[in-house]
> 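Mind having a look at this structure? Questions to follow.
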Amino acid sequence: MKVSNLIYSYWNDFVNLIFPRVCVHCNSVLIYQENHLCTKCRLSLPKTNYHLKSDNPIQLKFIYEPKVHQACTYLHFNKKGIAQSLIHELKYRDQPELGVLIGNWYAHDLTTCGWPIDMIIPIPLHKSKLKRRGFNQSERFAAGLSEVLGWPVLDDLIIRKRRTSTQTKKTKVERWQNVNSIYALKTSGGVFEKNVLIVDDVLTTGATIGEMIQLLVNNGVGSIYIATIAAGK
């Protein structure tokens, strides 16, 4: 082992001794090569396996649009569950690398699907929210998928034209009204006859992704696939 690597290893061990890394869900101390989740929580991830089921509940949310060929989510989102802990850590504790890691995890499951994806489009943030947070969690998730699957991420093709209030505690109708006509395509023809994978962090009613779908369909998209980190009921 190189001296520099040895010094780094000792320093890392010292820092972890003083400020131990803990699991984002159960708070147990993480050991060597555990990242964000301990092995027990990692093995307990509430995976949906919806990518293996064409009639899954996420797919049915978009049954109105024939260009949506497949829609799925990685994890079940339950209050105080592992998925909620991961999303909270990613979005509110400045952990963009966690989004990439989750994307890597899900990508290994999706390798069996054989989707003919031309590009990944993450749901964009408004520029003011992006400036405040410093990163787009959906783009980081997309980057993790891309690392394994090789599909290019186009995070500047679509912009968010206006800010919206939080979707939390809104009714289903209010959520759809809140996101009406909030996206715009920067490059005309950029999605024409392309197979697009839309990615987001959490899906509830499908209002946000529904607006993205409408924009893509209006601009001649070939087919649409959807993947999110988690979805509630």
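The residues of the chain are indexed from 1 along the displayed sequence. These values consider heavy atoms only, across backbone and side chains, with no hydrogens, waters or symmetry-generated copies. These numbers were taken from a predicted model, which means no experiment stands behind them.
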> Which value, rounded to the nearest 0.5 Å, describes the distance between L75 atom CG and Q84 atom CD?
12.5 Å

> State, yes or no, whether a side-chain contact exists between R21 and V29 at a heavy-atom distance under 4.5 Å.
no

> Report the C-alpha separation of K47 and D109 in whole Å, then their side-chain angles, then the decisive distance to 0.1 Å, and conclude whether the salt bridge (charged side-chain N to carboxylate O under 4.0 Å, His left out) test is met.
CA-CA 10 Å; K47 297 168 67 171; D109 289 352; 3.1 Å; yes

> Do you know which two heavy atoms are closest between K53 and Q70, and how far apart they sit?
O-NE2, 3.7 Å

> For the pair N27 (side chain) and V22 (backbone), establish whether a donor and an acceptor sit closer than 3.5 Å, ignoring hydrogens and angles.
no

> Within a strict 4.5 Å, meaning less than it, do heavy atoms of the W105 and L37 side chains meet?
yes

> Would you name the heavy atoms of C72 and I58 that are closest together and state the gap between them?
N-CG2, 4.0 Å

> Any side-chain to backbone donor/acceptor pair from T204 onto G232? Under 3.5 Å, distance only.
no

> Could you tell me whether the side chain of R42 reaches within less than 4.5 Å of the side chain of L45, counting heavy atoms only?
yes

> Cluster question for you: counting only ILVMFWY and a side-chain heavy-atom cut-off of under 4.5 Å, with indirect links fine, are I213 and I182 together?
yes

> Side chains of I229 and F77, heavy atoms from C-beta outward: is any pair under 4.5 Å?
no

> Could you grab the distance from atom CG of N56 to atom CG of L60, nearest 0.5 Å is fine?
6.5 Å

> Please check this pair: side chain of S146 against backbone of W151, looking for a donor-acceptor N/O pair closer than 3.5 Å.
yes

> Is there side-chain contact between V199 and I121, with at least one heavy-atom pair below 4.5 Å?
no

> Can you name the nearest heavy-atom pair linking D118 to P152, along with the distance?
O-CG, 3.2 Å

> Check the surroundings of atom CG in L43: do more than 12 heavy atoms from other residues, nucleotides or ligands lie under 6.0 Å from it?
yes

> About how many Å separate NZ of K80 and NE2 of H25, when rounded to the nearest 0.5 Å?
11.0 Å

> Is a donor on one side and an acceptor on the other found under 3.5 Å between the side chain of R160 and the backbone of L125?
no

> If hydrophobic clusters are built by linking Ile, Leu, Val, Met, Phe, Trp and Tyr wherever their side-chain heavy atoms come under 4.5 Å apart, do Y64 and I209 end up in the same one?
yes

> Would you indicate whether the side-chain heavy atoms of S223 and V196 approach each other to under 4.5 Å?
no

> Decide if the gap between the ring center of H76 and the ring center of Y50 is smaller than 6.0 angstrom.
yes

> Checking T48 against T73: is there a side-chain donor and acceptor pair closer than 3.5 Å?
no

> Quick check: does any side chain N or O of E65 sit under 3.5 Å from a backbone N or O of K67, one acting as donor and the other as acceptor?
yes

> Same cluster or not: are V100 and V153 linked, directly or through other Ile, Leu, Val, Met, Phe, Trp or Tyr residues, by side-chain heavy atoms under 4.5 angstrom apart?
no

> Once you measure the plane-to-plane angle for Y106 and H51, does it fall in the parallel (<30°), tilted (30-60°) or perpendicular (>60°) bin?
perpendicular

> Give, for atom CG of L203 and atom OG1 of T205, the distance between the pair rounded to the nearest 0.5 Å.
7.0 Å

> Taking L30 as the starting point, is it possible to reach L90 by hopping between hydrophobic residues whose side chains are less than 4.5 Å apart?
no

> Measuring from atom CZ of F62 to atom OH of Y225, what distance do you get when rounded to the nearest 0.5 angstrom?
15.5 Å

> Any chance you could lay out the side chain to side chain contact (heavy atoms under 4.5 Å, CB included) test for V202 and T228, step after step, and finish with the verdict?
CA-CA 6 Å; V202 180; T228 68; over 6 Å; no

> Check the pair L101, N35 against side chain to side chain contact (heavy atoms under 4.5 Å, CB included), reporting the backbone distance first and the verdict last.
CA-CA 9 Å; L101 182 61; N35 289 312; 4.0 Å; yes

> Could you report the tightest heavy-atom contact between A142 and I120, atom names first, then the distance?
CB-CG2, 3.7 Å

> When you measure from the side chain of E34 to the backbone N and O of T39, does any donor-acceptor pair fall under 3.5 Å?
yes

> With no hydrogens and no angle check, is any side-chain donor or acceptor of N78 less than 3.5 Å from a backbone partner on G81?
no

> For S138, does its backbone N or O pair with a side-chain atom of D201 as donor and acceptor, under 3.5 Å?
no

> Look only at the side chain of N219 and the backbone of G190, and say whether a donor-acceptor pair between them is shorter than 3.5 Å.
no

> Can you check side chain to side chain contact (heavy atoms under 4.5 Å, CB included) on W115 and L197, steps first, answer last?
CA-CA 9 Å; W115 294 348; L197 173 64; 3.9 Å; yes

> Could you walk me through whether L52 and T112 pass the side chain to side chain contact (heavy atoms under 4.5 Å, CB included) test, one step at a time?
CA-CA 9 Å; L52 303 176; T112 62; 4.3 Å; yes

> For M119 versus V191, what's the shortest heavy-atom pair and its separation?
SD-CG1, 4.3 Å

> State, yes or no, whether a side-chain contact exists between V148 and H108 at a heavy-atom distance under 4.5 Å.
yes

> Hey, does the side chain of E89 reach the backbone of V24 with a donor-acceptor pair shorter than 3.5 angstrom?
no

> To the closest 0.5 Å, what do you measure between CG (D200) and CD (E139)?
12.5 Å

> What closest approach, in Å, do Y183 and I123 show between heavy atoms, and which atom pair accounts for it?
OH-CG2, 3.4 Å

> Should L185 and I226 be regarded as members of a common hydrophobic cluster, given that ILVMFWY residues are connected when their side-chain heavy atoms come within less than 4.5 Å of each other, either directly or indirectly?
yes

> Step by step, work out the side chain to side chain donor-acceptor pair (under 3.5 Å) result for Q214 and N218.
CA-CA 6 Å; Q214 192 60 55; N218 290 344; 3.0 Å; yes

> Taking C-beta and beyond as the side chain, do M212 and P124 meet within less than 4.5 Å on heavy atoms?
yes

